[in-house]
There are 2 protein chains.
Amino acid sequence: MLWEDTLKQAGFRVTASRRVIIQVLLDSNVPLLPQEILERGRHFHGSLGLVTVYRTLALLAELKLVRRVHCQEGCHGYVVASPGHRHHVICRQCGRAVEFLSGDDVCAFVAQAEAKTGYRVDDHLLQLVGLCPACQAQAA
Amino acid sequence: MLWEDTLKQAGFRVTASRRVIIQVLLDSNVPLLPQEILERGRHFHGSLGLVTVYRTLALLAELKLVRRVHCQEGCHGYVVASPGHRHHVICRQCGRAVEFLSGDDVCAFVAQAEAKTGYRVDDHLLQLVGLCPACQAQAA
DNA sequence: CTCACTGCAAAGAATTTGCACTGAA
DNA sequence: TTCAGTGCAAATTCTTTGCAGTGAG
């Protein structure tokens, strides 16, 4: 389902601000701070306000359309949340992030954790940190 | 190596405040906010200040003795970083967290991600969220 | 003794709220 | 037309800094 439909079905309106914010996130492959989203968004929608960015992100996160992630230096970045679980590998050097699909591997892993702890797990947060190919080459 | 030794070896002093803050973290099995650490710490060391908590956490994080984690509702919690990788399953109901050891499963998983993305992964953050046994029983 | 460490008060960021105006449906 | 959504300014909350006093080594 497209994000616009998700919004409408939940009774929310599709506005220029929301369109711009989602677009900015889609165009980026790096988690963005609210402030960064504002700057990039103003490129398309000059009157965009920071408050709207915050409110929109909160709404989108509520609807699971974006995900708040924990970046290196204590910041709250946001990325689009693809349906189905995906995770990010973030480069500690350049910050570039790549998504990778979690196959059965994670499911199996979660099942194992459930067996060990007795918890019933229904969500998880996984982020890998390392060096992307480009930065590896540069370091060598 | 004990945390006190780690501090000394790095040229820092072992003070009452630091002792208290580490103790509070060790006593908790839930990630704690700076504010919470302050409250619990004052139980042992009345004059403890929030500023010291922040500075101590920054120092301990620098030395890899504690780890900053990303909690549900956009907060920055801290937990002691056990040597060797451990992860947490957090109960969304009561907040109780349990650690579980990541066996080869995670290593295998990381290796798979490296193969898929070309990144060289050297750190990861994994948190599972769900219901602990007690809360499951309560819900039933 | 010295200088790292601390607490307080104040500064600076990050995030939320109140309110009147605007525009999607 | 109506009410959700918006931007601004102000209020809160979170975190960092400046500085003089204190105590670990």
Side-chain angles (χ1 to χ4, degrees), chain A residues 2-24 31-63 65-78, chain B residues 2-24 31-63 65-78:
Chain A
L2 255 38
W3 66 267
E4 299 198 356
D5 299 321
T6 304
L7 266 190
K8 283 181 188 166
Q9 289 211 356
F12 297 102
R13 296 181 183 172
V14 175
T15 65
S17 299
R18 290 176 179 169
R19 238 189 285 269
V20 167
I21 291 171
I22 293 244
Q23 195 53 53
V24 166
L32 297 177
L33 270 47
Q35 189 61 52
E36 296 173 322
I37 294 171
L38 174 70
E39 283 156 20
R40 301 192 187 193
R42 282 196 158 154
H43 183 67
F44 305 104
H45 190 249
S47 68
L48 184 62
L50 184 55
V51 178
T52 299
V53 173
Y54 274 103
R55 285 194 279 225
T56 300
L57 288 172
L59 174 63
L60 296 176
E62 181 82 19
L63 296 174
L65 291 174
V66 304
R67 174 175 276 270
R68 195 173 202 176
V69 301
H70 175 243
C71 302
Q72 271 37 59
E73 276 317 305
C75 63
H76 287 145
Y78 289 81
Chain B
L2 254 39
W3 66 267
E4 299 198 356
D5 299 321
T6 304
L7 266 189
K8 284 181 187 166
Q9 287 209 359
F12 297 103
R13 295 180 182 173
V14 176
T15 65
S17 300
R18 290 176 179 168
R19 238 190 285 269
V20 167
I21 291 172
I22 293 245
Q23 195 53 53
V24 166
L32 296 177
L33 269 47
Q35 189 61 51
E36 296 172 323
I37 294 172
L38 174 70
E39 282 156 21
R40 300 192 188 195
R42 281 196 159 154
H43 183 66
F44 304 104
H45 190 250
S47 69
L48 185 61
L50 183 57
V51 179
T52 300
V53 173
Y54 274 103
R55 284 194 279 226
T56 300
L57 288 173
L59 174 62
L60 297 176
E62 181 82 20
L63 296 176
L65 292 174
V66 304
R67 172 177 278 270
R68 194 175 201 175
V69 300
H70 174 245
C71 301
Q72 273 38 59
E73 274 317 302
C75 63
H76 287 146
Y78 289 81

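Being a predicted model, the structure only gives us computed values, none of them experimental. Every chain is numbered from 1 and lettered A, B, ... according to where its sequence line falls, protein lines coming before strand lines.
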Is the phosphate of [N] approached by [X] (side-chain N or O, under 4.0 Å from OP1 or OP2)?
X: A:Arg55; N: D:dT6; answer: no
X: A:Thr15; N: C:dA24; answer: no
X: B:Tyr54; N: D:dT15; answer: yes

Whole Å only: how far is the [atom1] atom of [X] from the [atom2] atom of [N]?
X: A:Arg13; N: C:dA24; atom1: CZ; atom2: P; answer: 9 Å
X: A:His45; N: C:dT22; atom1: NE2; atom2: P; answer: 14 Å
X: A:Leu38; N: C:dT16; atom1: CG; atom2: P; answer: 15 Å
X: A:Leu50; N: C:dA14; atom1: CG; atom2: C1'; answer: 9 Å
X: A:Glu4; N: C:dA25; atom1: CD; atom2: P; answer: 9 Å
X: A:Phe12; N: D:dC3; atom1: CZ; atom2: P; answer: 17 Å
X: B:Leu48; N: C:dC5; atom1: CG; atom2: P; answer: 15 Å
X: A:Glu62; N: D:dG5; atom1: CD; atom2: P; answer: 13 Å

Looking at C:dT15, D:dG5, D:dT16, which one has an atom nearest to any side-chain atom of A:Arg18?
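Between C:dT15, D:dG5, D:dT16, the one nearest the side chain of A:Arg18 would be D:dG5.
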Choose from D:dG5, C:dC8, D:dG25 the nucleotide whose nearest atom is closest to any side-chain atom of B:Lys8.
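So the side chain of B:Lys8 is nearest to D:dG25.
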Tell me which of B:Gly11 and B:Gly49 sits closer to the 5' end of DNA chain C, going by the nucleotide each one is nearest to.
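The answer here is B:Gly11.
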Can you tell me if CD on B:Gln23 sees more than 12 non-hydrogen neighbours from other groups inside 6.0 Å?
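Yes, because the 6.0 Å sphere around CD of B:Gln23 holds more than 12 heavy atoms from other groups.
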What closest approach, in Å, do [X] and [Y] show between heavy atoms, and which atom pair accounts for it?
X: B:Leu48; Y: B:Leu38; answer: O-CD1, 3.4 Å
X: A:Gly49; Y: A:Arg42; answer: CA-NH2, 4.1 Å
X: B:Leu7; Y: B:Arg13; answer: CD1-O, 3.7 Å
X: B:Val14; Y: B:Glu4; answer: CG2-O, 4.0 Å

Considering heavy-atom distances to DNA chain D, does B:Val51 or B:Gln35 have its closest nucleotide positioned more toward the 5' end?
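Final value for this comparison: B:Gln35.
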